[in-house]
Amino acid sequence: MPSKTNNGVGVQVEDTKICVVMVGLPARGKSYIAQLAQRYLQWLSIPAATFNVGNYRRHDAPQPTADFFDFSNPEGERKRRAAAEAAVADMLAWFRTGGVVGILDATNSTKERRKWVWDTCTAHGIEVLFVESKCDDEKVIMANIRDVKLTSPDYRGQDPEDAAQDFRNRIKHYEKVYKTIDADHDEDSYTYLKLMNVGKQVIINRIQDYLQSRIVYYLMNLHIRPRSVWLSRHGESLYNLSGRIGGDMLLSPRGEQYAKKLPELVRESVGDDRPLTVWTSTLKRTIATARFLPPHYNQLQWKALDELDSGVCDGLTYQEIKDRYPEDFAARDEDKYNYRYRGGESYRDVVIRLEPIIMELERSEDILIVTHQAVLRCIYAYFMKKDQAKSPWMNVPLHTLIKLTPRAYGTEEVRYEAHIPAVSTWRGKGSTAKHENPTPESL
Amino acid sequence: MDTLLTAEIAANAPRYRRRSSTFIDSIHDVSEDNDMAPAQLYSTMSGRLFHSGRITIVMVGPPARGKTHICVSMARYLQWLGVKTRIFHLGDYRRATIGPDGSLPDDYFFPDASPSSVILRQKILKKCREDIYAWLNHENGQVAIYDAVNPTASGRRSLAKEFAKHDVQTLFIESYVDDERILHDNAINVKISSPDFAGMDPEVAATMYLKRIEMRIPVFETMNEEELNYIKMINAGEKFFYNNVSFGYLSHRIVFYLTNLHIKSRTTFFARAGTTTEEDSYKADADLSEQGRFYAQRMSETLIKHREQERLELIAKGGPDTPQRPLSIWTSTRLRTIQTADYLKEKGYKVRQRSQMSQINPGVCEKMSERVIRQIYPEEVEKHGLDPYHHRYPRAESYHDLAVRLEPIILELEREQSDLLIIAHESVLRVLFAYLMHCSTMDIPNLKFPRDEIIEIIPAAYQNEAKRIRIPGLDPKLLPGSPDDIRIPGSRPLSRPESGQMSPIPGGLGSPAEPLERPSSEKVINTAKDMVADKIHDEI
C-alpha cells in the first residue's frame with residue numbers, strides 16, 4: 001500500500017511524518033518502549049515526542065479506581081475518550097511545528113480506537129506505525145506491575161498491596177475489550193510491529209520506508225536483561241597538558257597512573273569477577289589507557305570511537321584557533337553541535353557515526369568504553385537524554401569512571417573518581433584559556 | 001571430509017566460475033581467501049562473529065517465490081559484514097547427480113514418491129548436507145544458506161534435529177506468496193527465458209509454469225512449527241512473521257536487512273565529483289572549479305540522455321511505454337559533490353546529502369609526495385603493502401573504516417526504489433561498487449572510476465551487472481587526480497595471475513593504462529541469464 005510520501009519517488013526522512021501508536025494491555029512495557037524509541041530518535045536529531053494519554057486523563061481524574069476503567073462506565077469512558085482526543089490534538093499541533101516521529105502512548109486496545117487514530121493521522125498526511133507489546137508471561141507482567149505501576153502517580157500515597165490489587169482489576173477491565181492487532185484479519189492494511197513475549201515472536205507488517213525499518217530494528221534489539229555500560233575518557237595526554245586539541249599523543253605521567261589504576265576502579269564498580277568487553281578508539285591514548293585491564297577482558301578497537309576530527313585545527317590550542325580562524329571560532333561557539341570544523345567533523349557528524357555503536361550497545365550486555373571527550377559526550381547524551389544545545393558543553397572530567405545502568409524509567413548513573421589529579425579540558429563559551437574550571441551548570 | 005565432492009559438484013555446476021573481472025558480480029564464487037568482508041567489525045580466532053556459532057539458514061518455499069533473490073542478497077550482506085557465508089543450492093546437487101542428460105522422475109517431489117525416487121532424493125540430500133558440514137567444520141564457515149524447497153513440516157523438523165546433532169543452529173526463512181500478481185511477475189521475470197516457453201506470450205507462459213510447479217510439488221505446508229526458529233517473509237516483504245526461540249542478534253540483523261529488501265528492479269549510477277579550486281587538499285573542502293562545473297553539466301546531460309535512450313530501446317523491443325522511472329541523487333556533505341549535483345537539482349531532481357559518504361580521510365599523508373611518505377613512515381609503508389585494505393596511515397581512515405561507516409548507506413541503497421545516482425569520491429564509489437559487485441578487499445583500493453565514465457549497475461535476482469557510460473567531450477586534464485588518489489605507496493596491482501582466465505576488459509577495471517583502452521562493446525559479457533535459464537529448466 002503506497003503511502004502519500006512514498007509514491008515511488010524515494011523517501012527522505014525530512015518529509016516523512018510518522019505516528020508510532022503503542023498498543024497493548026497495561027503493564028506490558030509500552031511506556032518503556034516509547035521512552036527508549038523517543039530517546040534514540042531524538043539523539044539522531046529526528047524530532048520525536050511522546051504523548052501519554054494517561055497524563056491527559058489525570059487532569060480530569062487524578063487517582064481513579066479500577067471502576068473508572070470499566071468500559072460499561074459511561075463517565076469513565078467519556079473522560080478517557082476526551083483524554084485521547086486531547087493527546088492526539090496536541091500531537092497534530094506538534095507535527096505542524098516540524099515534528100517527525102510522534103509517539104502516542106496509550107493502550108489503544110480496541111479496533112475502533114485504532115481506526116480512529118489511523119483515520120485522524122492519515123487525514124493529516126501522517127504515516128501510522130502501530131507497535132504492540134503483547135505478553136502473557138505472568139512473571140514479566142508481575143515484575144512490571146511492581147517496578148513501574150506502583151510508582152505511578154495514579155497510586156501515589158496508597159498501600160502497595162491495595163494498589164497492586166486495584167491495578168490488576170484495571171487490567172481485567174481492559175482485557176474484556178482488548179483485541180490484538182489484526183486478530184480478525186481486517187487490520188492487515190496497517191503498518192505494524194507486534195512484539196510477543198519480549199521478542200520471542202515478532203510480526204512486522206507493511207513497513208513503508210527506511211525510517212520505519214530503522215525504528216523496528218532498534219526495538220527488536222532492545223532487551224531487558226540487567227546490564228551496565230561503563231564510560232571513561234583516556235588518561236591525561238601530553239596534548240591535554242599543553243591545551244592542544246586532537247592529535248594522537250601518548251599519556252602524560254599522570255595519565256599513565258590512571259591507566260594503572262583503572263583495573264582496580266573497574267573491579268570496585270563491577271563488584272564481582274564477571275569480565276567486561278572493552279571498546280577503545282584506534283588512537284594511542286585510549287589503547288594505552290586500557291592496556292592494564294585483565295587479559296581475559298575481550299578488547300576491540302573501533303574507528304567510530306575516535307575523537308571528533310577537528311580538521312585544520314587539529315593540534316592547535318584554542319588561542320591559536322581564535323587567532324588563525326576567528327570566524328570559525330565564533331561560529332563554533334554560536335552553534336557547537338552543528339559547527340563542522342574545516343575539513344573535519346561536527347558533533348552531529350559524530351552522532352551519525354556512533355549510531356552503529358549504540359545499536360551494538362543496546363544488544364550487548366556489560367561493556368566498558370574508553371574513548372574521548374566529544375565522543376563520550378555523545379554517548380552520555382544518548383543514555384541520559386541530554387539535549388543538543390547543552391551536551392557539547394558538558395564537563396566530562398578526566399580520570400573518572402562513569403557507570404550507567406538502564407532502568408525502566410531513565411538511566412542510573414554512578415561516578416567513580418580515581419583521585420589522580422589531571423588538568424581540566426572543559427572550556428566555556430568564548431574562552432581561550434588552556435585550562436579552566438567548569439562552571440556549575442556544565443555538570 | 002570429502003572435499004573432492006565439493007570440487008566435483010562445483011565443476012559440474014554450470015554457474016561455478018572464478019571471477020576474473022571486477023565488472024562481473026562474484027557473489028557466487030567459491031572464495032578461497034578471507035578477503036571478501038569489506039565491513040567486518042572485528043575478528044575472532046574461530047572466524048565467527050556476533051557471538052553466534054555455526055548456523056544453517058534453510059530456505060523454504062516452492063520455485064517462483066524469489067528464494068534465489070533472497071539468498072543472494074542475504075549472502076551479499078552477511079559477507080559484507082564479515083560473516084563467512086556460502087549458498088548451497090540443492091538444485092546444483094540434483095544436476096550433478098543426474099548428469100547433463102538425465103531427468104528427474106515425475107514423482108520426485110511427491111510425499112508418496114516411489115522407492116527409487118525416495119532413494120535418489122536421499123542421495124542428493126546427503127551429498128549436499130555433507131558439503132555443508134565439511135564447510136562449517138573444516139573451512140571455518142559460519143553461515144551456510146541451504147536453498148531448497150523443504151515443503152513439509154516433518155522434513156523441516158528432522159532437518160533441524162539433524163543439524164543440531166552436528167552442533168549447528170538452524171534458522172528457517174520461508175518466502176510465502178499468496179499474491180497472484182507477485183507470483184506472475186516472478187515467473188515472467190526469470191522463468192520464461194527457459195527454452196520450453198520460447199515464443200510464448202509471457203502471461204500464458206507464466207500461468208503454465210506456475211501450474212507445472214503445483215503439479216510437481218503437490219504438497220506444500222507453510223511454516224507453523226512453534227519449536228523452530230523461523231522468519232516467514234510474506235508477499236515479498238509485505239509482512240514478516242518471526243518466531244524466535246533461541247536466536248540473537250544475527251537474526252535481528254537479517255530481519256532488518258530483509259525489511260529493506262524489495263524486488264523492484266532499479267538501476268544505480270556512480271559518478272565522480274568535479275574538480276575543485278584546491279584539488280589536492282582534503283581539509284580545504286573547496287568549491288568546484290570552472291572546469292568542475294563544466295564536468296558536472298556534461299555528466300548530467302550524458303546521464304539524462306542515456307536514461308531516455310534506454311527507455312526508448314525498451315519500448316522498441318516491445319516493452320510497455322511507461323514514463324521514465326524517477327531518479328534520486330545522493331551526494332556526500334563535501335562541497336565538491338554537492339555542487340556537482342547542482343545542475344540536476346536545478347532540473348528538479350531530488351538531491352540528498354549523506355554525511356556518511358564523505359571520502360576516505362587521508363590523515364597526515366595529505367599533500368605528501370610518495371618519496372616523503374616513504375622517508376617519514378617507512379614502517380607504515382611496509383604494513384600498507386601487506387594489507388592495503390585494512391591498514392591505516394597515521395590519523396587516516398582505512399578502506400575498512402570507510403566500509404563500516406557506509407553500512408547504513410548500504411541498507412538505504414537496498415530500500416531505495418527510484419533509480420539512484422551517487423556522486424561521491426572515488427574511495428566511496430569503490431566501496432559501494434564492491435558491495436554491489438562483491439569484490440575482494442584486495443581489489444577495492446585499486447578499483448578505478450575515471451571521471452569520464454558513469455558506471456551503471458543493473459540488478460538481477462541472480463547477479464548484478466555493471467556497464468560503463470562514456471561522458472564525451474571532456475578535457476583529458478580532468479581525468480586523473482583527486483585527493484583520494486594520493487599516491488600512497490605499497491598498493492598492489494589488481495591483476496591477479498592466479499585468478500584463471502583473462503578479463504573480458506583489456507587490462508581489467510583496475511588498470512589505469514593511459515590512454516584508456518575500452519572494450520568495443522559497452523556491455524560486459526555476462527552469462528548469468530543463460531545460467532539461470534539452465535537452472536530453471538531442470539528444477540521443474
Side-chain angles (χ1 to χ4, degrees), chain A residues 1 6-14 182 188 192-194 196 199-207 209-210 212-214 216-218 220-221 223 246-248 282-283 298 300-304 306 309 311-314 340-346 348-349 352-353 355-356 359-360 363-364, chain B residues 41-42 44 50-51 226 231-232 234 237-245 248-249 251-253 255-260 264 281-285 325-328 333 350 352 354-356 358 361 364 366 392 394-395 397-398 400-402 404-405 407-408 411-412 414-420:
Chain A
M1 185 187 57
N6 187 12
N7 48 2
V9 189
V11 173
Q12 303 227 6
V13 165
E14 53 266 36
D182 206 22
D188 183 54
Y192 67 84
L193 167 70
K194 195 188 289 200
M196 288 168 280
K200 281 271 171 246
Q201 282 163 331
V202 180
I203 299 177
I204 303 167
N205 197 49
R206 296 187 193 269
I207 295 296
D209 57 45
Y210 181 71
Q212 290 182 353
S213 81
R214 196 96 225 170
V216 165
Y217 176 51
Y218 175 76
M220 279 171 58
N221 272 309
H223 66 77
D248 190 10
T282 64
L283 296 172
N298 198 7
L300 306 174
Q301 293 172 19
W302 295 77
K303 184 76 185 169
D306 281 7
D309 181 353
V312 290
C313 297
D314 188 74
R340 181 180 287 138
Y341 275 109
R342 289 188 193 199
E345 290 178 303
S346 65
R348 182 183 290 276
D349 294 340
I352 290 171
R353 77 159 136 98
E355 209 266 326
M359 207 62 100
E360 290 277 314
R363 71 156 182 104
S364 308
Chain B
L41 289 177
Y42 56 93
T44 58
F50 300 115
H51 310 289
E226 259 174 42
I231 299 167
K232 196 190 287 197
I234 299 162
E238 216 171 76
K239 182 181 216 151
F240 291 86
F241 184 86
Y242 173 37
N243 190 58
N244 182 22
V245 181
Y249 184 64
S251 64
H252 294 173
R253 195 116 184 185
V255 173
F256 176 46
Y257 180 75
L258 293 178
T259 55
N260 281 295
K264 289 207 188 103
S281 171
Y282 168 78
K283 286 179 179 171
D285 196 11
R325 281 198 299 261
L327 174 74
S328 298
T333 45
K350 200 160 208 182
R352 193 172 167 189
R354 319 300 316 264
S355 68
Q356 295 104 323
S358 289
N361 185 336
V364 295
E366 181 186 16
R392 56 174 92 84
R395 307 302 305 284
E397 272 182 309
S398 66
H400 175 247
D401 297 328
L402 178 60
V404 170
R405 88 164 134 89
E407 207 244 321
L411 283 151
E412 291 211 51
E414 288 293 353
R415 166 151 293 271
E416 182 67 51
Q417 308 218 352
S418 343
D419 283 359
L420 189 62

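For the numbers below, each heavy atom of this structure counts, side chains included, while hydrogens, waters and symmetry mates do not. Chain naming here is simple, since letters A, B, ... match the order of the sequence lines and numbering starts at 1 in each.
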Inset, instruction - Applying side-chain contact (heavy atoms from CB on, under 4.5 Å), name anything that partners A:Asp314, two or more places apart in sequence or on another chain. - result: A:Ser310, B:Arg395
Legend entry - From A:Gln201 atom CD to B:Glu226 atom CD, the distance as rounded to the nearest 0.5 Å: 6.5 Å
Legend entry - Atom group of A:Asp309 that falls short of 4.5 Å from chain B, counting heavy atoms: side chain
Legend entry - Aromatic ring pairing A:Tyr217/B:Phe256, orientation class (parallel under 30°, perpendicular over 60°, tilted between): parallel
Inset, instruction - Please round to the nearest 0.5 Å and tell me the distance separating atom CG of A:Asp209 and atom CD of B:Glu412. - result: 9.5 Å
Legend entry - From CZ (A:Arg353) to OG (B:Ser358), nearest 0.5 Å: 11.5 Å
Inset, instruction - Might you point out which heavy atoms bring A:Ile352 and B:Ser355 nearest each other, and give the distance in Å? - result: CD1-OG, 3.5 Å
Legend entry - Greatest number of heavy atom pairs closer than 4.5 Å to chain A - which of B:Thr333, B:Ile234, B:Asp285: B:Thr333
Legend entry - Contact winner vs chain A - B:Lys239, B:Arg405, B:Gln356, heavy-atom pairs under 4.5 Å: B:Lys239
Legend entry - Contacting region of B:Glu414 [heavy-atom separation from chain A under 4.5 Å]: neither
Inset, instruction - Considering only heavy atoms and a distance below 4.5 Å, find which of A:Gly311, A:Ser213, A:Gly246 pairs most often with chain B. - result: A:Ser213
Legend entry - Among A:Ile203, A:Val216, A:Asp188, residue most engaged with chain B (heavy-atom pairs, under 4.5 Å): A:Ile203
Legend entry - A:Tyr341, part contacting chain B, at a heavy-atom distance under 4.5 Å: neither
Legend entry - Residue pair B:Thr259, A:Ile204: steps toward the side chain to side chain contact (heavy atoms under 4.5 Å, CB included) verdict: CA-CA 8 Å; B:Thr259 55; A:Ile204 303 167; 4.1 Å; yes
Legend entry - Region of A:Leu283 that comes under 4.5 Å of a non-hydrogen atom in chain B: side chain
Inset, instruction - To the nearest 0.5 angstrom, please state how far the NE2 atom of B:His400 sits from the NZ atom of A:Lys303. - result: 12.0 Å
Legend entry - Proximal component of A:Arg348, with respect to chain B [non-hydrogen, under 4.5 Å]: neither
Legend entry - Gap between atom CE of A:Met196 and atom OH of B:Tyr242 - 0.5 Å precision: 12.0 Å
Inset, instruction - Report yes if some heavy atom in the side chain of A:Arg214 is under 4.5 Å from a heavy atom in the side chain of B:Pro408; otherwise report no. - result: yes
Inset, instruction - Measure the shortest side-chain to side-chain distance between B:Arg415 and A:Ile207 over non-hydrogen atoms and say whether it is less than 4.5 angstrom. - result: yes
Legend entry - Distance in Å, B:Glu238 CD paired with A:Asn205 CG, rounded so as to fall on 0.5 Å steps: 7.0 Å
Legend entry - Residue B:Asn260 versus chain A: region with a heavy atom under 4.5 Å: side chain
Legend entry - Largest heavy-atom contact set with chain B, pairs under 4.5 Å, which of A:Glu345, A:Gln212, A:Glu355, A:Arg340: A:Arg340
Legend entry - A:Val312 versus chain B, the contacting section by heavy-atom distance below 4.5 Å: both
Legend entry - Interface moiety of B:Asp419 toward chain A, non-hydrogen atoms closer than 4.5 Å: neither
